[in-house]
Protein chains: 2
Amino acid sequence: MAAARRPRADALRNRDRLLAEADAAFREKGTDASLEGIARRAGVATGTLYGHFPTRRALLGALLRDRNAELFRRGEELLAAPDPAAALTAWVHAVTEHAAAYQGLAAELAEGIDDEASELHESCVRMADIGDRLLENARAAGALRRDATGADLFALMNAAAWTGERTSPEQAGRLVDLAMGGLLAPPC
Amino acid sequence: MAAARRPRADALRNRDRLLAEADAAFREKGTDASLEGIARRAGVATGTLYGHFPTRRALLGALLRDRNAELFRRGEELLAAPDPAAALTAWVHAVTEHAAAYQGLAAELAEGIDDEASELHESCVRMADIGDRLLENARAAGALRRDATGADLFALMNAAAWTGERTSPEQAGRLVDLAMGGLLAPPC
DNA sequence: ACCTGAACACCGTTCAAGT
DNA sequence: ACCTGAACACCGTTCAAGT
């Protein structure tokens, strides 16, 4: 087993600059912003970008690392929350907001769950898994008005995020509330 | 007022070939399929494509003409239907299926409602208008569990269509049913 | 009245050559 | 070990020149 080598200083610096420019570009233009433009603004050749991030999704995945950690921390917290119905609703809202970070991200996530080669696959599976468990808790507590699957939940989160990308976060939230109103039994 | 001239025979033929190839390309690759490829397969120069259809959306709009007519005919039928709740649900399903005709169409429609310059604007407005009226009917009949706006409805239809594009029509339908379950009062 | 195709600008991706 | 930048393939859009 090879010891981990420390990367060269210029490599580290280039990586950081690429990430910073990619974040700015993705925020402004969405996840299909020009990679060539990102490399140019970072002051490196395009080959350098590919050296650090072999695919667009690898770049996206690196950009989402911290954000993902925060989301999953929140998920674990909700799994321990006392009211399963409220926890489920909060989770769907949280993922919806997460998936609207960049225009185009919702599409990448929707694809990532089925595509094992996607650098986003693992995080998608984890999002779906937390959703499954929160759904199961709500079902066990008799909080469901009708049955639904984890796939329904994942589809809702991505679809609402997609709506949010091109209308407003408020509209996305209203869509989630509408669907959750169909899923959850009214409080007695 | 100028009399309508009959177009030249070769122009008509080129237009038809372009539409046929565009339909095939959009079905296969989605609405952002290469225009150059469409022109090539239709056997015309790219300038000819632009002569007939100045924008990608103009091409898309021409392709949707018949499909739109059928959709709106269905809408008028539903406006005259006896059960307002069932009519509303049927309309949302119908538009959702319509908007999934080509991958990428849901995004064009979501954009078209706000963009007056879009060649799809008029049909988007008409879809939203029929939705508004069906919603109003359902409200008047006391069939709503909670309030919702025409914008909510339009967002739902596009979001569900977007889901359908990348999962399955069944999943799109399940999403619609979930949201409609939140909107409509249960039958007593 | 319509068509052609060259021209321009822009992009994703790879890889031999450099340091 | 990493970086450069030319090379290749592909695309959207315009417009002068043709018929």
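All values below were derived from every heavy atom in this structure, side-chain atoms included, with hydrogens, water molecules and symmetry-related copies excluded. So you know, we letter chains A, B, ... as the sequences are listed, proteins then strands, and number each from 1.
- Regarding contacts with the backbone of C:dC3, a side-chain N or O of B:N14 is found under 4.0 angstrom from either OP1 or OP2.
- Listed by residue number, there are no residues of residues 23-31 of chain A with a heavy-atom contact under 4.0 Å to DNA chain D.
- Identified under the side-chain hydrogen bond (donor to acceptor under 3.5 Å, both in side chains) test for residues 17-26 of chain A, with sequence neighbours left out: A:D23-A:R27, A:D23-A:Y102.
- A sub-4.0 Å separation between OP1 or OP2 of C:dC2 and a side-chain N or O of B:H52 is absent.
- Rounding to whole angstrom units, CZ of residue B:R17 and P of C:dT4 are separated by 11 Å.
- By the side-chain hydrogen bond (donor to acceptor under 3.5 Å, both in side chains) test, A:R74 pairs with A:E77, sequence neighbours left out.
- Scored by the side-chain hydrogen bond (donor to acceptor under 3.5 Å, both in side chains) test, B:H98 finds B:N68 as partners (sequence neighbours excluded).
- Hydrophobic cluster membership for A:V125: none, as no Ile, Leu, Val, Met, Phe, Trp or Tyr side chain comes under 4.5 Å of it.
- Residues passing the side-chain hydrogen bond (donor to acceptor under 3.5 Å, both in side chains) test with A:R56, sequence neighbours excluded: none.
- Rounded to whole angstrom, the span from the CG atom of B:L18 across to the P atom of C:dC2 amounts to 14 Å.
- Under the rule for a side-chain hydrogen bond (donor to acceptor under 3.5 Å, both in side chains), A:N137 has no partner lying at least two apart in sequence or in another chain.
- Through side-chain heavy atoms spaced under 4.5 Å, either directly or across other Ile, Leu, Val, Met, Phe, Trp or Tyr residues, A:W162 is tied to B:W162.
- The pair B:R166-A:D114 does not count as a salt bridge, with every side-chain nitrogen at least 4.0 angstrom from each carboxylate oxygen.
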Next on the checklist: Taking Watson-Crick (N1-N3 plus N6-O4 or O6-N4) and G-U wobble (N1-O2, O6-N3), each under 3.5 Å, can you produce the dot-bracket string of DNA chain D? Use [ ] for crossing pairs and | for inter-strand ones.
Outcome noted: ||.|||||...|||||.||
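- Between the C1' atom of C:dC3 and the CG atom of B:L49 lies a distance of 13 Å, rounded to the nearest Å.
- For B:A11, the side-chain contact (heavy atoms from CB on, under 4.5 Å) test picks out B:R8, B:H52, with sequence neighbours left out.
- A search for ring-ring contact (aromatic ring centres under 6.0 Å, His included) contacts involving A:Y50 returns nothing, not counting sequence neighbours.
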Next on the checklist: Please encode protein proximity along nucleotides 8-19 of chain C as a string of B, S and -, counting only heavy-atom distances under 4.0 Å.
Outcome noted: ---BBBBB----
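- With respect to the salt-bridge test (charged N to carboxylate O, under 4.0 angstrom), the residues B:E111 and B:R57 qualify.
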